[in-house]
Amino acid sequence: MKLHDSLTRRTRRFEPLRPGRVTVYGCGPTVYDFAHIGNFRTFAVYDLLHRYLRWRGHEVDFVVNFTDVDDKTITGAADAGLRLAEHTETFVKAFLDDAKTLGFLPFSGHPRATAHIPAMVAFVEGLVERGSAYLAADGSVYYAVTSFDRYGRLSGKGGEDGAGRARIDAEDFEKRDPRDFALWKPAQAADREVGAVWDSPWGPGRPGWHLECSVMATSLLGDTIDIHLGGEDLLFPHHENEIAQSEAATGEPFARFWVHVKHLKVDARKMSKSLGNFHTVRELLDEGYDPAAIRWTLLSAHHRSELNFTRDGLDDATAAVQRLVDFRRRLRDSPASRGDGRGLAARAAEHLAAFGRALDDDLNVPRATAALWTLVKEVNTELDGAGGRVARTDREAVLGALAEMDAVLGVVGLAESSRKVAGADEERVQTLVEAREQARAARDFATADRIRDELAAEGIRLEDTPGGTRWTRVRTGP
RNA sequence: GGCGCCGUGGCCAAGUGGUAAGGCAGAGGACUGCAAAUCCUCGAUCGUCGGUUCGACUCCGACCGGCGCCUCCA
């Protein structure tokens with residue numbers, strides 16, 4: 001596959017360092033609040049890459065951390081009158097729930113910063129020994145940016161020129177260079193209040209933000225990882241600092257590919273609480289949107305392009321997803337015709353190949369889905385022409401290709417799972433459908449239409465086919 | 001001020017130096033008791049102005065508009 005790497009600013013061929021085994025680290029959520037739809041755009045891309053790599057036959061170690069100690073989590077815990085761990089647990093759980101809702105494959109692990117403090121301390125000790133970090137008068141340990149000559153290579157920022165404009169905080173007076181950043185911070189009153197304090201050779205305190213990712217990535221995945229992911233905002237300073245720390249500590253290249261996901265906008269504007277366009281997954285679900293439609297929307301633009309998230313877009317996605325569900329159902333339910341196929345198997349293979357080629361090209365989902373739609377249309381046309389029948393071999397081939405595509409996209413199965421009808425309801429609906437059939441046979445269309453309308457109101461759609469009336473639950477959005 | 005991105009049909013969104021995928025919506029048609037589902041047909045010259053080129057939407061420049069990072073942020 002080819003993958004765009006932010007560090008070299010090139011789209012390059014990707015091969016794992018160790019054949020057959022890919023190591024991926026994605027910066028995960030800071031668990032101080034419910035993750036919003038913008039966070040989940042990024043995480044949806046993580047899931048896409050995860051699924052794609054597995055689909056292409058790789059073993060994947062895919063780690064996504066939880067930042068469970070930082071200013072915001074500490075402030076939040078203090079405001080809630082809780083210990084840090086109690087406070088963050090709520091949002092860890094919420095994240096995992098939302099991830100499941102959106103059909104994410106379980107990642108290999110979700111290391112928490114607070115569970116890796118000893119390794120962080122050791123990491124910092126190593127940096128101090130190497131002369132890459134120093135203990136300042138305020139009790140903080142800072143990374144010395146000037147000790148790393150490649151600093152700024154990723155972002156094109158943070159060079160000496162930029163230092164002139166760097167904001168000068170009170171703590172900056174303790175730094176040797178304004179660009180230096182904290183690896184270890186001495187305990188403050190608020191930290192002690194919520195239990196965010198750990199021992200270290202430099203006294204009680206807590207780790208700086210950038211440190212955790214370097215430590216967890218290298219200790220869990222090795223000194224050099226294949227792919228490092230994050231939102232575009234993390235490029236600087238977070239990822240720049242990760243590189244500086246990690247490479248100074250290990251002497252090895254940190255990440256071979258850097259993938260940054262563009263931010264999404266809501267109604268063409270930056271999502272923010274003040275604009276009132278701030279959405280969480282659970283809010284959208286409460287409004288009645290289909291999880292699969294949310295997922296489809298989040299994946300609807302290439303990950304390096306801006307994604308404009310709108311209600312209209314969600315409605316579009318709802319219709320598109322429903323069409324895919326209908327397609328699979330139609331194919332599954334189609335009676336097998338006798339004789340040889342009509343070439344659908346070959347075309348399914350062709351479109352599946354095109355789908356794969358699109359993803360091979362820097363995860364080009366829009367192009368991949370175009371191949372999917374072409375398959376849908378061609379098969380529907382064929383079914384129309386053949387009275388709804390299709391050769392068994394053709395049917396299995398098309399269903400197989402669809403399943404393969406969905407192994408990466410993860411929407412059809414997700415959509416079907418939210419359209420299940422419980423047993424009791426099923427019997428009730430069946431009874432109504434039969435009553436309507438009798439009314440139709442008696443040409444009592446008023447009664448028939450009334451039953452159909454009633455069922456439609458509860459999301460049950462009826463279709464009168466030559467083989468009888470069929471019904472299905474559909475999602476049409478709020 | 002520095003670095004960077006974007007502007008494609010009503011909406012969303014790919015793409016390429018040789019005359020623009022796909023989805024949604026809309027219109028007409030087929031099918032249907034009427035529908036639904038499905039299929040068929042119909043729409044853009046790619047922000048503006050210059051330049052390079054046999055030829056640019058695709059390269060270069062300027063401009064207009066929108067946006068991101070530079071401070072916590074997916």
Side-chain angles (χ1 to χ4, degrees), chain A residues 6 9 26-30 32-33 35-46 64 67 70-72 75 152 155-159 161-162 164-167 169 209 229-238 240 260-265 268-272 296-297 300-324 326-327 329-330 354 358 361 364-374 376-385 388 440 443-446 448-449 452-453 456 461-466 469-472 474:
Chain A
S6 311
R9 298 171 197 221
C27 286
T30 301
Y32 71 103
D33 198 355
H36 54 67
I37 200 70
N39 295 315
F40 274 106
R41 189 231 175 152
T42 297
F43 300 142
V45 172
Y46 290 12
V64 178
T67 297
D70 80 322
D71 291 349
K72 280 180 296 192
T75 303
S155 60
K157 290 177 190 147
D161 296 345
R165 284 188 56 85
R167 203 170 80 180
D169 290 330
W209 170 43
L229 305 168
E232 59 168 336
D233 55 297
L234 298 182
L235 199 92
F236 185 86
H238 189 234
E240 193 72 72
H260 289 96
V261 182
K262 267 267 196 188
H263 278 5
L264 70 64
K265 293 198 298 185
R269 313 188 66 174
K270 179 175 178 168
M271 175 167 57
S272 76
W296 183 268
T297 301
S300 63
H302 183 93
H303 67 275
R304 287 192 290 117
S305 294
E306 194 173 74
L307 169 67
N308 188 20
F309 189 88
T310 63
R311 306 284 166 157
D312 283 350
L314 230 28
D315 292 340
D316 286 2
T318 301
V321 167
Q322 184 62 47
R323 187 172 161 209
L324 292 176
D326 288 340
F327 175 67
R329 189 176 57 105
R330 182 185 192 194
D361 186 8
N364 193 324
V365 175
R367 222 171 79 209
T369 54
L372 165 60
W373 291 120
T374 305
V376 170
K377 174 159 288 191
E378 286 187 5
V379 173
N380 270 326
T381 301
E382 193 65 45
L383 281 169
D384 276 4
R440 288 183 72 216
R443 304 197 65 76
D444 177 6
F445 295 121
D449 291 350
R452 185 172 62 194
D453 290 346
R461 187 180 69 200
L462 302 192
E463 295 172 21
D464 299 323
T465 74
T469 297
R470 285 225 298 274
W471 62 272
T472 184
V474 297

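In what follows, every chain begins at residue 1, and chains take the letters A, B, ... in the order their sequences are listed. The basis for the numbers below is simple: all heavy atoms, side chains too, and nothing from hydrogens, waters or symmetry mates.
Using cut-offs of 30° and 60° for the angle between ring planes, the His238(A) and Trp209(A) rings count as parallel.
Between the C1' atoms of G7(B) and A14(B), the separation comes to 15 Å (whole Å). C5(B) sits 28 Å from U19(B) when the C1' atoms are compared, rounded to a whole Å. Going from the C1' atom of G15(B) to that of A56(B) covers 14 Å, rounded to whole Å.
For the pair Glu463(A) CD and A37(B) P, the computed distance is 7 Å after rounding to whole Å. Rounded to whole Å, atom P of G23(B) lies 18 Å from atom CG of Asp312(A). Regarding Leu307(A), its CG atom lies at a distance of 15 Å from the C1' atom of C24(B), rounded to whole Å. The separation between Phe309(A) atom CZ and C12(B) atom C1' is 13 Å, rounded to whole Å. Between Arg304(A) atom CZ and A14(B) atom C1' the separation is 13 Å, expressed in whole Å. Atom-to-atom, CG of Asp444(A) to P of C34(B) comes out at 16 Å; the value is rounded to the nearest Å. One can place CZ of Arg443(A) at 10 Å from P of C34(B), the figure rounded to the nearest angstrom. Look at CZ on Arg461(A): it is 6 Å from P on A37(B), rounded to the nearest Å.
In the displayed structure, Arg269(A) atom CZ is contacted under 6.0 Å by at most 12 heavy atoms of other residues, nucleotides or ligands.
In this model, the phosphate group of C12(B) is not approached by any side-chain N or O of Thr310(A) to a distance below 4.0 Å at OP1 or OP2. Checking the phosphate oxygens (OP1, OP2) of C69(B), a side-chain nitrogen or oxygen of Lys270(A) falls inside 4.0 Å. Residue Trp209(A) places at least one side-chain N or O under 4.0 Å from the OP1 or OP2 atom of C73(B). For Thr30(A), a side-chain nitrogen or oxygen approaches OP1 or OP2 of A74(B) to under 4.0 Å. Side-chain nitrogen and oxygen atoms of Asn380(A) include at least one within less than 4.0 Å of the OP1 or OP2 phosphate oxygen of C39(B). Dashed line: the shortest gap from a side-chain N or O of Arg323(A) to OP1 or OP2 of C39(B) is under 4.0 Å.
Pair assignment for C5(B): G66(B), on the basis of Watson-Crick or G-U wobble contacts that are both within less than 3.5 Å.
You cannot call His36(A) stacked on the base of A74(B); the centres under 5.5 Å and planes under 30° rule is not satisfied. With centres under 5.5 Å and a plane angle under 30° as the test, the ring of Phe43(A) is not stacked against the base of A74(B).
In this structure, of C34(B), G23(B), G68(B), it is G68(B) that holds the atom nearest to the side chain of Glu232(A). Distances from the side chain of Asp464(A) to the nucleotides G33(B), A74(B), A13(B) place G33(B) closest. With distances taken from any side-chain atom of Lys157(A) to the nucleotides G4(B), C39(B), C70(B), the minimum falls on C70(B). Comparing C70(B), G33(B), A14(B) by their nearest atom to the side chain of Phe236(A) picks out C70(B). The side chain of His263(A) has A74(B) as its nearest neighbour among U38(B), G33(B), A74(B). The side chain of Lys377(A) sits closest to C40(B) out of G15(B), C40(B), A21(B).
Arg452(A) and Asp449(A) are joined by a salt bridge, as a carboxylate oxygen and a charged side-chain nitrogen come within less than 4.0 angstrom of each other.
You'll find a donor-acceptor pair under 3.5 Å spanning the side chain of Arg452(A) and the base of C34(B), going by distance alone.
Atom CG of Asp70(A) is separated from atom OH of Tyr32(A) by 8.5 Å, given to the nearest 0.5 angstrom. Atom CZ in Arg330(A) sits 14.5 Å away from atom OG1 in Thr472(A) (nearest 0.5 Å).
Contact check for His36(A) versus Met271(A): side-chain heavy atoms found under the 4.5 Å cut-off.
Along RNA chain B, the nucleotide nearest Ala371(A) and the nucleotide nearest Tyr32(A) are compared for position; the residue whose nucleotide lies closer to the 5' end is Ala371(A).
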